[in-house]
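Written below as structure tokens is the structure these notes are about.
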Amino acid sequence: MILREAVEALHIKGKKVIEVEGNTKIDKDRMLHQKVTDIRSWGKHFLICFKDFTLRIHFMMFGSYRINERKDTAVRLRLGFSGAELNFYTCSVKLLEGNANDIYDWSKDIMSPHWKPTQALKTLKEHPEMLVCDALLDQNIFAGSGNIIKNEVLFRTRIHPLSKIGELPLAKLKELIKETRNYSFDFLEWKKEFTLKQHWQAYTKKICPRCDIPFKKEHLGKGKRRSFYCNHCQRLYI
DNA sequence: TCTCATGTTTAGGT
DNA sequence: GACCTAAACATGAG
């Protein structure tokens with residue numbers, strides 16, 4: 001989102017790529033002299049659309065970018081335009097064939113204006129055995145959510161990470177969905193202000209700010225990702 | 001200096 | 001095929 005907004009402000013839409021560089025294995029020359037048709041994002045994917053294909057950038061854990069400046073480290077992909085330059089580092093780069101609208105379901109992107117909570121609800125109901133800690137990391141349900149968001153949303157909604165989706169009362173399930181989007185917007189604002197870390201209530205925390213007892217820290221769910229939670233105030237639905 | 005982690009894909013095993 | 005695990009990526013925080 002932050003990157004997309006920054007790139008939109010460059011007004012490269014309609015402009016042609018005049019320089020490509022970098023150590024990516026993709027056929028980057030395909031973008032040379034091609035006109036950018038759109039700048040988009042879906043979850044953690046950053047997309048630069050061309051007429052017949054789309055460039056997809058995913059920053060994984062350690063990716064970074066620079067706009068109109070360069071880092072000393074090896075560039076994975078550089079796109080040059082007249083008056084602007086984009087540099088991407090240590091990221092996953094891919095060319096997707098066809099139109100992005102045919103590839104991406106925008107209603108699953110938790111920050112999109114096209115986001116549909118009913119869509120998330122429907123998919124969740126199809127997986128009653130799924131653990132909430134897994135659901136909040138599932139990009140097919142909550143595209144854009146990640147491990148920080150998972151921990152913070154479960155703390156805010158007072159749901160234990162090992163709760164089963166099928167055991168949550170409907171109202172609680174709806175609250176979970178709503179709060180995932182809510183927190184994502186807070187996340188975005190705090191990230192822009194460089195105050196994200198200060199606002200963490202659960203993630204990396206040792207003590208529950210609500211009841212002052214020690215948090216549990218465990219690696220839970222399919223991906224064994226870090227979970228910080230309070231055994232006292234986060235209820236286990238099982 | 002060392003370990004771990006905002007994430008995903010892929011290769012391999014059972 | 002379903003399901004799991006480890007590896008790879010490679011930087012920066014604590």
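Just so it is clear: chains get the letters A, B, ... in the order the sequence lines come, proteins before strands, and each one is counted from 1.
Across the interface with DNA chain C, nearest-nucleotide mapping of A:K71 and A:K224 shows A:K224 to be the residue nearer the 5′ end. Mapped onto DNA chain C by nearest heavy atom, A:A74 and A:K222 fall at different nucleotides, with A:K222 at the one closer to the 5' end.
Put simply, CG on A:N147 is 16 Å from P on B:dC4, counting in whole angstrom units. Rounded to an integer number of Å, the gap from NZ of A:K94 to P of B:dT10 is 6 Å. What separates CG of A:N140 from P of B:dT8 is a distance of 12 Å, to the nearest Å. For the pair A:R56 CZ and B:dG7 C1', the interatomic distance rounds to 12 Å; values are reported in whole Å.
In this structure, A:K191 reaches the bases: a heavy-atom distance under 4.0 Å links it to at least one base atom across the strands shown. At a threshold of 4.0 angstrom between heavy atoms, the contacts of A:K197 are confined to the sugar-phosphate backbone, with no base atom among them. In this structure, A:H45 reaches neither bases nor backbone, as no heavy-atom distance under 4.0 Å exists between it and the strands shown. Heavy atoms of A:S92 sit nowhere under 4.0 angstrom from any nucleic acid atom. Using a 4.0 Å heavy-atom criterion, one finds that A:Y89 contacts no nucleic acid atom at all.
With B:dT6, C:dA10, B:dG7 as the candidates, the nucleotide lying closest to the side chain of A:M60 is B:dG7. Listed candidates were C:dA10, B:dT6, B:dT8. Nearest to the side chain of A:H58 is B:dT8. Checking B:dT8, C:dT11, C:dC4 against the side-chain heavy atoms of A:K44 singles out B:dT8 as nearest. Distance from the side chain of A:Q139 is smallest to B:dT8 among B:dT8, C:dA10, B:dA5.
Looking at A:E175, its side chain never comes within 3.5 Å of a backbone N or O of A:A171 through a donor-acceptor pair.
Screening A:L96, A:I48, A:I103, A:L95 for a side chain to side chain contact (heavy atoms under 4.5 Å, CB included) with A:R56, the sole residue that qualifies is A:L96.
Checked for salt-bridge contact, A:E85 and A:R70 meet the test: a charged N lies under 4.0 Å from a carboxylate O.
Relative to the six-membered ring of A:F155, A:R210 meets both conditions, a distance below 6.0 Å and an angle of at most 45° to the axis. With a 6.0 Å cutoff to the six-membered ring centre and a 45° limit on the axis angle, A:R4 does not count as a cation-pi contact of A:F46.
Taking the six-membered ring where tryptophan is involved, the planes of A:Y104 and A:H45 are perpendicular, since the angle between them exceeds 60° and thus also 30°.
One P atom belongs to C:dA7, the other to B:dC4, and the distance between them is 14 Å to the nearest Å. As rounded to the nearest Å, C:dA6 and B:dA5 have P atoms that lie 14 Å from one another.
Under 4.0 angstrom from either OP1 or OP2 of C:dC9 there lies no side-chain N or O belonging to A:R76. Put simply, A:R226 has a side-chain N or O that comes within less than 4.0 Å of OP1 or OP2 on B:dT6.
In B:dT6 the O4'-C1'-N dihedral to the base is within 90° of 0, which defines a syn nucleotide.
When both pairing distances are held under 3.5 Å, C:dA10 makes no Watson-Crick or G-U pair with any nucleotide shown. Taking a pair to require two hydrogen-bonding distances under 3.5 Å in either a Watson-Crick or a G-U wobble arrangement, B:dT6 remains unpaired.
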